[in-house]
Amino acid sequence: MSNYDGNPGAPSVSANVATAIDVGLRAFMLRVYNYMAAGVGLTGVAAFLTYQLTGPELLQSPLMWVLMLAPLGLVFFISARINTMSVQAARGWFFVYAALVGISLSTIFHIYTESSITRVFFISAAAFGALSIWGYTTKRNLSGFGTFLFMGLIGIIIASLVNLFLRSSGLDWMISIIGVGVFAGL
């Protein structure tokens, strides 16, 4: 009788807490995805504008190396100061970083066609969206996959090093396919 619930239709306290956590988590994840979408959008716009404004001259300039390595320098700068930054400063540096990545990636417009860049962007966005929805909605603990996938990563690195000498297009294709699976899992 101690477990008797006189009002079986009323939600329990633990259900209310779980619902509140779920609503809070959903709002948090929505903010994170909005910031990431804005960052990716800024990266794309910065890359395209830099490509349009500089032309192929950027590829022959030493400035290209400065622009390509600038995001790495900014990562070191932000990493050293992230614990002392305000939320607004961290957000601002995130957008500066996103723009710098776009500027550094603008050189790929000189190498690949705009249609292939667009196709790869949308394939990557769709894969990210599908994997993040699966990770968000699954009730399964996915942390057990980490060790297995890390071993797969080590295997990919070793196979890539071996393929530097073999130059096998079949092995290169297999490494690409397996690599997509491993990195998607990680």
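For clarity, every value in this text was computed on a predicted model and none was experimentally measured. Heads up: numbering here begins at 1 and tracks the sequence.
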Notebook entry, point to check: In the hydrophobic clustering that connects Ile, Leu, Val, Met, Phe, Trp and Tyr at side-chain heavy-atom distances below 4.5 Å, which members other than Phe77 occupy its cluster, ordered by chain and number?
Noted result: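 Taking Ile, Leu, Val, Met, Phe, Trp and Tyr as members, Phe77 shares its hydrophobic cluster with Leu74, Val75, Ile78, Ile82, Met85, Trp93, Val96, Tyr97, Leu100, Val101, Leu105.
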
Residues which pass ring-ring contact (aromatic ring centres under 6.0 Å, His included) with [X], listed by chain and number, not counting sequence neighbours:
| X | answer |
| --- | --- |
| Phe121 | none |
| Tyr51 | Phe109, His110 |
| Phe145 | none |

Working to the nearest 0.5 Å, report the span between [atom1] of [X] and [atom2] of [Y].
| X | Y | atom1 | atom2 | result |
| --- | --- | --- | --- | --- |
| Asp172 | Asn163 | CG | CG | 5.5 Å |
| Leu166 | Leu171 | CG | CG | 6.5 Å |
| Arg31 | Asn34 | CZ | CG | 9.5 Å |
| Ile178 | Trp173 | CD1 | CH2 | 9.0 Å |

Next item on the list: Kindly write out the residues that satisfy side-chain contact (heavy atoms from CB on, under 4.5 Å) with Thr118, not counting sequence neighbours, or none if the list is empty.
Entry: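 Here the qualifying residues are Phe122.
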
Note to self: Between Ser61 (side chain only) and Glu57 (backbone N and O only), is there a donor and an acceptor less than 3.5 Å apart?
What the structure shows: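 Such a contact is absent between Ser61 side chain and Glu57 backbone.
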
Check: Quick one: does Thr138's side chain have a donor or acceptor within less than 3.5 Å of a partner on Trp134's backbone?
Finding: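 Pair absent, no side-chain N/O of Thr138 close to backbone of Trp134.
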
Next item on the list: Any pair with a residue in residues 139-150 that passes side chain to side chain donor-acceptor pair (under 3.5 Å), sequence neighbours left out, goes on the list, sorted by first then second residue, please.
Entry: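 Those involving residues 139-150 are Asn141-Ser143.
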
Notebook entry, point to check: Could you go step by step and tell me if Leu149 and Phe183 meet the side-chain contact (heavy atoms from CB on, under 4.5 Å) rule?
Noted result: CA-CA 8 Å; Leu149 292 170; Phe183 281 105; over 6 Å; no

Check: Ala98 and Gly39: which non-hydrogen atoms are nearest, and at how many Å?
Finding: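 The pair with the smallest heavy-atom distance is CB-O, 3.5 Å.
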
